[in-house]
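Keep in mind that what you see is a predicted model, and the values were worked out from it rather than measured.
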Amino acid sequence: EIYTLSLHDALPILNEIAHKPASSFCALTTAEPGGKTLVADNGSLVSAIDVRGSFLAVGQDEFSRSVDSLRTALVPYTQETGHIIQVTMHYDPEDASRAVSNAMWQTRKSAKALGLDLDGVLADQAQTVAGYCATERVRVVLWTTPAAIPSGERQAERAKAAKLRAHTPVGESAQKLWAGLESLSDLHEGFVAGVLTGFSTAMIDARRMDVHDLLWEIRQILFPGLTGPGWRARLPGDPLPIRFQDPLSRANDYSHLLYPTIGSQIFSGEIEDVSSTLVRIDGRVHAPLMLTMPPSKPQSFGHLFSTLCS
């Protein structure tokens, strides 16, 4: 009887989740002043580091030294509550043409300044080079969660946020400008600075990303056909977009006067269910791949990609 009641209570919740738009599952809710940190709906602070490569020619010895240096820098944070290190990698041969063309922007600008019409030549060169290239991105995403501060201080911060919310216009489809916890900022900045120092010591070129660039990348990966180079997320500090009020919204819903949710800005296209494990987004089929056991003999990413393609 208890099991039947629990299932009965859970069915409406599961039905609501199944019919929610993809944008509702985006945990990012707004951005901190400064343009380097995003805020999650639970108050966590999020920053991304663009790992561009090594300043040294990397052999086996250099690789081992870099790994040891990074381990020394990162271990203290992995042993503390409230810090999360997330590594994301992106490999896209179809995006190579755009990336190569962007890399030649300065060359085209110089040619025009000299009065040379090289657009056709450079376009042919970009097309040829793109056939041997792929866009590769490595991002280290750093999260500082509310668990990083003591419970008493956390409760006080929650109360402060609730008070701020009571005096701030809110909207069902607007960013939660009050979501950030003030006492987390210093901890997060120290976390980011420590990780960047670790990369610098390991002679790795790593730079903190602007949140607009980060959100553009996320949207471009999901919807490459809908995300042009000029797209820019609307965040606090940017001009407010002009929106009409939803006639079905509540009387105290001011969404049309506020910044739209980050999720609605990123998930702007349709997501089609192909099967229970596949979805189609902007013409591409996506599937989850779960790693349940680490490999007994680590291999290079080149070996992994060749295996997946075979």
Side-chain angles (χ1 to χ4, degrees), residues 35-36 47-60 62-63 66 87-141 196 199-200 202-234 238 265-271 279-287 289 299-310:
K36 299 294 183 181
S47 295
I49 294 176
D50 175 11
V51 181
R52 301 191 172 192
S54 175
F55 289 114
L56 303 173
V58 180
Q60 188 62 43
E62 291 80 8
F63 180 79
S66 295
V87 180
T88 67
M89 301 180 183
H90 178 66
Y91 178 87
D92 187 1
E94 294 183 7
D95 188 53
S97 180
R98 180 200 62 82
V100 172
S101 179
N102 288 347
M104 289 184 171
W105 173 81
Q106 191 63 46
T107 303
R108 291 195 299 270
K109 183 179 179 180
S110 299
K112 288 183 178 180
L114 295 172
L116 301 175
D117 184 9
L118 299 179
D119 288 349
V121 175
L122 293 176
D124 291 341
Q125 183 181 4
Q127 184 177 0
T128 301
V129 172
Y132 300 91
C133 299
T135 295
E136 294 183 352
R137 300 185 180 110
V138 178
R139 305 290 181 253
V140 177
V141 186
L196 286 173
F199 278 114
S200 178
M203 298 300 292
I204 294 175
D205 185 8
R207 309 178 190 184
R208 190 173 182 178
M209 295 185 66
D210 179 88
V211 292
H212 288 96
D213 295 337
L214 175 61
L215 294 177
W216 181 90
E217 280 193 0
I218 295 174
R219 191 177 191 268
Q220 194 272 337
I221 289 172
L222 290 171
F223 301 97
L226 301 177
T227 308
W231 182 86
R232 181 181 172 92
R234 297 297 183 99
D238 297 333
Q265 296 184 69
I266 292 177
F267 293 92
S268 58
E270 295 184 359
I271 299 180
V279 294
R280 181 178 288 107
I281 305 175
D282 199 21
R284 295 182 175 184
V285 177
H286 296 252
L289 180 64
Q299 301 287 341
S300 66
F301 278 102
H303 177 78
L304 171 63
F305 291 136
S306 62
T307 302
L308 293 176
C309 293
S310 61

(message) Tell me if the CZ atom of Phe55 is crowded by more than 12 foreign heavy atoms within 6.0 Å.
(response)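 Yes, because the 6.0 Å sphere around CZ of Phe55 holds more than 12 heavy atoms from other groups.
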(message) Check this for me: Glu62, atom CD, are more than 12 non-hydrogen atoms of other residues, nucleotides or ligands nearer than 6.0 Å?
(response)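 Yes, enclosed.
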Check [X] against [Y] and note the closest heavy-atom contact, atom names and distance.
| X | Y | value |
| --- | --- | --- |
| Val138 | Met89 | CG2-CG, 4.4 Å |
| Lys36 | Ser47 | O-OG, 3.1 Å |
| Trp231 | Gln265 | CZ2-O, 3.6 Å |
| Phe267 | Phe223 | CA-CE1, 3.7 Å |
| Gly228 | Trp216 | O-NE1, 2.8 Å |
| Val129 | Cys133 | O-SG, 3.2 Å |

Roughly how far apart are [X] [atom1] and [Y] [atom2], rounded to 0.5 Å?
| X | Y | atom1 | atom2 | value |
| --- | --- | --- | --- | --- |
| Arg219 | Thr227 | CZ | OG1 | 4.0 Å |
| Leu215 | Asp210 | CG | CG | 9.0 Å |
| Glu217 | His212 | CD | NE2 | 14.0 Å |
| Asp213 | Gln220 | CG | CD | 12.5 Å |
| Ile221 | Thr88 | CD1 | OG1 | 7.0 Å |
| Leu118 | Asp124 | CG | CG | 11.5 Å |

(message) I'd like to know if the side chain of His90 pairs up with that of Asp95 as donor and acceptor (distance under 3.5 Å, no hydrogens or angles considered).
(response)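 No, because no side-chain N or O of His90 sits under 3.5 Å from a partner of the opposite role on Asp95.
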Should [X] and [Y] count as side-chain neighbours, where that means a heavy-atom distance under 4.5 Å?
| X | Y | answer |
| --- | --- | --- |
| Asp282 | Leu222 | no |
| Arg139 | Asp50 | yes |
| Val100 | Gln125 | no |
| Pro224 | Glu94 | no |

(request) Decide yes or no on salt bridge (charged side-chain N to carboxylate O under 4.0 Å, His left out) for Arg98 and Asp92, but give the supporting numbers first. (result) CA-CA 11 Å; Arg98 180 200 62 82; Asp92 187 1; over 6 Å; no
(request) Please answer whether the main-chain N or O of Ser97 pairs with a side-chain N or O of Ser101 as donor and acceptor at a distance below 3.5 Å. (result)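 Not at all, since once roles are kept as given, no pair shorter than 3.5 Å links the two residues.
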